[in-house]
Amino acid sequence: MLRGPRAFAVIAVVLATCALAGEPVSPCAVGDRPCAAREIRKNPAKSLAFWREALARPIEQRIGPGPPELVDLIALDNVGNGFPNKPRASVLSEAFMADVRGAFAELPDVVKRRVAGKLAGVYFIDDIGGTGFSDQVYEADSRPVAGFIVLDPLVLAPQTANAWATWKENTPFKPDPAYRLEARIEEPANDNRKHAIQYILLHELGHVLAVNANFHPNWNIAAKDVASSGEFPFFELSWRIARPENRYESRFDAGFPQRRSVVYYFGARLAGADMPATYERLEQTNFATLYAATQPGDDFAEAFASYVHTVLMKRPFEIRISRDGALVKRYGSCWSEPRCADKRRILEALLGAG
């Protein structure tokens, strides 16, 4: 999830909770987005100066419970968006942290090198209103230069890789007993919490890499205010700016009518019976996954995660759709297919050939 426009939700699961005794009183009324935005801009965690010490440490040491300033920032964001969640600092078990460290350690060295200068850290906060998100960190001149990742261990604790991926990929579709979608991102031996965390991390690291880069427009700038899309070659492969409507449109919308109804996590709009046709139309685009088709920022983050996972780490990715128990559609990684060749070249330039 990108902090900023909530339309970029990644793995969002709102957890209704009661207020905790002794929690700080927000300076903003619930749902007062302008007030929350002003207070967030003043929060130290949005400043590069706050993270300089963390950025000076080895990247493997930038992992741990979220500092109080970061907890306050997320609480303000939840207030502004009218979310009921009450973020609080995590108390992490050794077993959980071992999975996190293991997930990070297994990432390709080239990935860790590319994010080392931008990643302020991976931090854990309970009840954030989602599984994970990323946000930008600004230099004194208001230029975005780095980013941080926040994950909620309460949501992550019970997950295994394939169960999480299956749940996620079902969320755009309304339940239908005749249709079943299963996602596989790990072999049985690796189908555990560590590898669920690892895939989630890859997506969020894709967002951090995109900070102050030329993959897509800044997610904190309205579409109508983007000066030119030509400076974003990855973006140009799939998107155009609809300035009067202040939104991004896919270059494939004419042949992919389901795309505008693809909504993850927050209320399915597509029928279960739409599953096969949706994935058939997806195969006519250059989006690596269905989630990539929702927004430009998630297009890049999903492409990055999918490429690293399947090409560099040689892990599986498969969507299987059944109707009345019979397999009717299989969707796999696109990186050996012509439709994703242009995006693959950009990722190879960033990370090296697979």
Side-chain angles (χ1 to χ4, degrees), residues 1-4 8-11 59 103-104 106-120 122 131-136 144 146-151 161 164-165 168-169 183 185-186 195-219 232-239 248 250 264 282 285-317 332-337 339-354:
M1 180 190 302
L2 297 177
R3 221 47 163 187
F8 283 97
V10 175
I11 323 161
I59 193 168
F104 199 87
E106 289 179 5
L107 295 178
D109 287 341
V110 66
V111 170
K112 288 182 273 192
R113 289 197 302 271
R114 289 291 181 269
V115 302
K118 286 187 174 181
L119 179 63
V122 179
T131 300
F133 69 81
S134 307
D135 199 4
Q136 298 175 343
F148 55 76
I149 295 169
V150 176
L151 301 177
W164 166 77
K168 172 191 171 185
E169 298 303 332
I185 61 172
E186 286 294 353
H195 291 101
I197 293 170
Q198 186 175 81
Y199 199 93
I200 293 164
L201 271 175
L202 280 174
H203 180 103
E204 301 299 339
L205 288 171
H207 286 316
V208 172
L209 270 174
V211 173
N212 200 29
N214 68 340
F215 301 115
H216 57 77
N218 186 327
W219 62 77
F232 305 107
F234 187 95
F235 171 90
E236 281 277 292
L237 293 172
S238 303
W239 303 92
Y248 299 113
S250 160
Y264 277 74
L282 179 63
T285 76
N286 59 15
F287 295 121
T289 69
L290 186 59
Y291 192 48
T294 59
Q295 295 281 356
D298 286 315
D299 180 14
F300 177 74
E302 282 287 284
F304 174 82
S306 171
Y307 177 82
V308 173
H309 180 79
T310 62
V311 178
L312 299 189
M313 302 182 74
K314 304 189 185 307
R315 302 285 179 80
F317 179 87
S333 170
C334 72
W335 298 114
S336 62
E337 300 173 5
R339 69 187 183 93
C340 289
D342 289 337
K343 288 185 175 179
R344 177 167 181 149
R345 280 190 282 272
I346 291 174
L347 292 167
E348 286 176 346
L350 175 68
L351 297 169

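Looking at heavy atoms from C-beta onward, Lys343 lies out of side-chain contact with Ile346 at the 4.5 angstrom threshold. Side chains of Leu237 and Asp299 form no contact here, defined as non-hydrogen atoms less than 4.5 Å apart. Within the 4.5 Å cutoff, side-chain heavy atoms of Val308 are placed close to those of Pro108. Side chains of Val311 and Leu347 form no contact here, defined as non-hydrogen atoms less than 4.5 Å apart. Side-chain contact between Ser250 and Thr285 is absent, with no heavy-atom pair separated by less than 4.5 Å.
Side-chain contact of Gln295 with His216: a donor-acceptor pair under 3.5 Å is absent, judged by distance alone.
Residues that satisfy the side chain to side chain donor-acceptor pair (under 3.5 Å) test with Asp342, not counting sequence neighbours, are Arg345.
In plain terms, the two heavy atoms of Glu204 and Ile149 that are nearest each other are CB-CD1, 3.6 Å. Considering all non-hydrogen atoms of both residues, His309 and Ile185 come closest at NE2-O, 2.8 Å. The two atoms that bring Thr289 and Glu302 nearest to each other are OG1-OE1, 2.7 Å, heavy atoms only. Annotation for Gln136 and Trp219: closest pair CG-CZ2, 3.3 Å, computed over non-hydrogen atoms. The heavy-atom pair separating Gly206 from Phe300 by the smallest distance is O-CE2, 3.4 Å. For the pair Met313 and Leu202, the tightest heavy-atom approach, listed with the atom from each and the gap, is SD-CD1, 4.4 Å.
Between His207 and His203, the ring planes are perpendicular. Angles over 60° get that label, and only those under 30° would be called parallel.
Between Phe287 atom CZ and Thr294 atom OG1 the span is 8.5 Å, to the nearest 0.5 Å. Taken from OG1 in Thr310 to CH2 in Trp335, the straight-line distance is 7.5 Å, to the nearest 0.5 Å.
Residues Phe235 and Tyr248 bring their aromatic ring centres within 6.0 Å.
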Derivation and outcome, side-chain contact (heavy atoms from CB on, under 4.5 Å), residues Val150 and Asp135: CA-CA 9 Å; Val150 176; Asp135 199 4; over 6 Å; no
Walk me through whether Asp109 and Lys112 qualify under side-chain contact (heavy atoms from CB on, under 4.5 Å). CA-CA 5 Å; Asp109 287 341; Lys112 288 182 273 192; 3.7 Å; yes
Apply side-chain contact (heavy atoms from CB on, under 4.5 Å) to residues Trp164 and Tyr199 and explain how you reach the verdict. CA-CA 10 Å; Trp164 166 77; Tyr199 199 93; 3.8 Å; yes
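In this structure a side-chain-to-backbone donor-acceptor pair under 3.5 Å is missing from Arg114 to Leu209.
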